2 protein chains.
Amino acid sequence: MRLSTKGRYGLRAVLEIAARHGEGPVTTQTIAQNQGISERYLDQIMIPLKRSGIINSVRGARGGYVLAKKAEAIKVGDIIRALEGPIAPADCVSEQSPLQCRRQEMCITRPLWAKLRDSITEVLDSYTLAELAEEAAAMKKEDTGHYNI
Amino acid sequence: MRLSTKGRYGLRAVLEIAARHGEGPVTTQTIAQNQGISERYLDQIMIPLKRSGIINSVRGARGGYVLAKKAEAIKVGDIIRALEGPIAPADCVSEQSPLQCRRQEMCITRPLWAKLRDSITEVLDSYTLAELAEEAAAMKKEDTGHYNI
DNA sequence: AATAATGTTGACAAAAACGATAGGAATTAA
DNA sequence: TTAATTCCTATCGTTTTTGTCAACATTATT
């Protein structure tokens with residue numbers, strides 16, 4: 001029951017991009033420095049985020065990353081799914097193509113896992129990037145803006 | 001966001017013990033056969049379950065495992081915690097001794113992880129073994145009782 | 001005494017997570 | 001056009017997790 005660093009770093013990265021909206025493309029260097037993440041590792045995280053249509057890249061000098069949609073339209077769940085795959089406490093209740101087990105109509109624990117999955121998605125999909133970025137902006141006024149985890 | 005086999009197997013094992021209440025101690029052999037789990041692996045799973053006071057062991061011939069308390073008093077969450085550790089989507093919001101990060105009062109994502117943790121525990125602690133075992137008993141009447149995942 | 005069961009430890013392999021490195025390819029600014 | 005900047009991809013190594021197996025000690029029953 002643990003999120004990997006990929007999902008957590010990814011959310012922070014996108015949050016950083018959202019916070020710098022209006023400054024033009026944000027480089028991985030900027031994100032890595034501000035968030036204390038390895039820049040190379042960050043490179044790998046940005047790829048699936050781009051493929052999922054959450055961010056767009058701008059190549060060349062003065063390039064970087066920008067949000068692909070409005071912050072209001074990006075759910076935290078989208079970011080987690082892009083980086084960690086479909087949400088599934090057990091394979092048999094995966095959001096995408098759940099694994100069929102021999103007697104799932106006889107399985108006692110399956111309904112429990114399904115309820116757990118729904119509960120998780122409900123939380124992750126209830127937060128949009130805009131809501132989180134707003135809080136971030138409020139916090140930044142009081143400090144340097146360096147935040148973690 | 002995935003439960004390991006330890007937790008899932010463990011729940012099924014305890015469920016099997018609960019279902020065989022009245023038959024005396026249940027051996028790992030019986031459980032392993034019925035659930036299709038490696039007996040050696042099961043050995044390792046039983047240890048933390050015993051340490052957590054969920055089951056008791058009976059050594060020697062005709063020994064095995066029995067529930068340490070009434071099935072009504074055992075929550076699914078207890079079993080998961082015993083086998084997977086404290087519930088924590090991120091270390092900073094662990095149920096037990098959360099890891100302090102430098103500026104947690106400035107962290108934007110932390111409240112989100114905390115809410116996620118609460119949502120997970122709420123589901124896992126809402127199910128008792130008795131409730132699940134009841135369903136299992138009802139199902140067994142209609143079939144051989146071999147169920148998975 | 002023999003048997004059947006748990007308790008404990010260690011070793012092991014496979015997979016995933018984590019992070020670093022290197023070398024392009026593409027674009028823009030100068 | 002050249003050089004700088006940046007994305008992009010692939011690979012590699014380390015560590016941790018996951019899952020399995022085996023050997024031996026301990027205990028209780030028969």
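Bear in mind the structure is a predicted one, so any value in this text is a computation, not a measurement. First the proteins, then the strands, lettered A, B, ... as listed; each starts at 1.
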Distance-only side-chain donor-acceptor flag, A/E84 / A/S4, under 3.5 Å: yes

Nucleic acid footprint by protein, nucleotides 12-19 of chain C - heavy-atom cut-off 4.0 Å, B for base, S for sugar-phosphate alone: ------SB

Neighbour count >12 (heavy atoms, 6.0 Å) for atom NZ, A/K69: yes

Residues A/T128 and A/K75: side-chain donor-acceptor under 3.5 angstrom: no

Which atom of A/L15 lies closest to which atom of B/I108, heavy atoms considered: CD2-CG2, 3.9 Å

No-hydrogen, no-angle side-chain donor-acceptor test under 3.5 Å, B/E95 and B/T121: no

Value in whole Å for how far the C1' atom of D/dC8 lies from CE of A/M46: 12 Å

Separation of atom CG in B/L83 from atom P in D/dT17, rounded to whole Å: 15 Å

Angle of first-five versus last-five pair axes in the helix from C/dA1-D/dT30 to C/dA30-D/dT1, to 10 degrees: 10°

Rounded distance (nearest 0.5 Å) linking atom CD1 of A/I74 with atom CD of A/E72: 9.0 Å

Touch class at under 4.0 angstrom, heavy-atom based, for A/D43 against every strand present: base

Quick test: give all pairs of protein nitrogen or oxygen and nucleotides 1-6 of chain D nitrogen or oxygen below 3.5 Å, distance rounded to 0.1 Å.
residue : atom : partner : partner atom : Å
D/dT5   : O2   : A/A61   : N            : 3.4

Working for salt bridge (Lys or Arg N to Asp or Glu O under 4.0 Å), residues A/R8 and B/D91: CA-CA 11 Å; A/R8 302 204 310 276; B/D91 288 335; 5.4 Å; no

A/I37 CD1 to C/dA20 P, straight-line distance once rounded to whole Å: 11 Å

Non-hydrogen atoms of B/T27 and B/G63 that approach each other most closely: CG2-O, 3.6 Å

Pair B/R12 + B/E16, salt bridge at N-O below 4.0 Å: no

Donor-acceptor side-chain pairing of A/T28 and A/E39 below 3.5 angstrom: yes

Nucleotide nearest B/K50 (side chain, heavy atoms from C-beta), chosen from C/dG7, D/dC21, C/dT8: C/dG7

d(CZ, B/R40; P, C/dG10) in whole Å: 17 Å

Between A/Y41 and A/T5: side-chain donor-acceptor atoms closer than 3.5 Å: yes

